[in-house]
Amino acid sequence: MGMERFNLNMARAYIGRRVNLHLKDGSVLVNVYVANAKHEKESGKPTVFCITQPRKPPLRIFLKEVEWMEQLNPHLLINA
C-alpha cells in the first residue's frame, strides 16, 4: 500500500474550512481559510485559493506545491 499524492478531490473536501497548509518545501501556512480548489482557466493546473487575512485577495497555490492539509479543531480556536 503506497502513499497517495494530495489531489484536487482531497483539496475540495477542505473548502470552507480553516487548515494548516503544509507545503513540499517544508513551510507551513498556519490557520488559512480554503476558499476554493479548482483547475485554472489559463494554465489548466489544479490550484487552491486560500484566504489568510480578511479583506486581502486570496493566495493562489498550485496543488503540486501542497504536501497535505491539516484541519484545525474549531473548538480549540479562541475568538479574540
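Note that the coordinates shown come from a computational prediction; the quantities given were computed from them, not determined experimentally. Atom set for the values below is all heavy atoms of this structure, side chains included, hydrogens, waters and symmetry mates excluded.
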Got a second to check how far Glu67's CD is from Lys24's NZ, nearest 0.5 Å?
6.0 Å
CZ on Arg18 to CD1 on Ile51, rounded to 0.5 Å
8.5 Å
Members sharing Leu59's hydrophobic cluster, built from side-chain contacts under 4.5 Å between Ile, Leu, Val, Met, Phe, Trp and Tyr, are Phe6, Leu8, Met10, Tyr14, Ile15, Val19, Leu21, Leu23, Leu29, Val32, Val34, Val48, Ile61, Leu63, Val66, Met69
Is Asn20 reaching over with its side chain to a backbone N or O of Asn31, donor-acceptor style, under 3.5 angstrom?
yes
Looking only at non-hydrogen atoms, find the nearest pair between Pro58 and Phe49 and report the distance.
CB-CB, 4.3 Å
Do the side chains of Lys45 and His39 get nearer than 4.5 Å, heavy atoms only?
no
Kindly compute the distance separating OG (Ser43) from CZ (Arg60), expressed to the nearest 0.5 Å.
7.0 Å
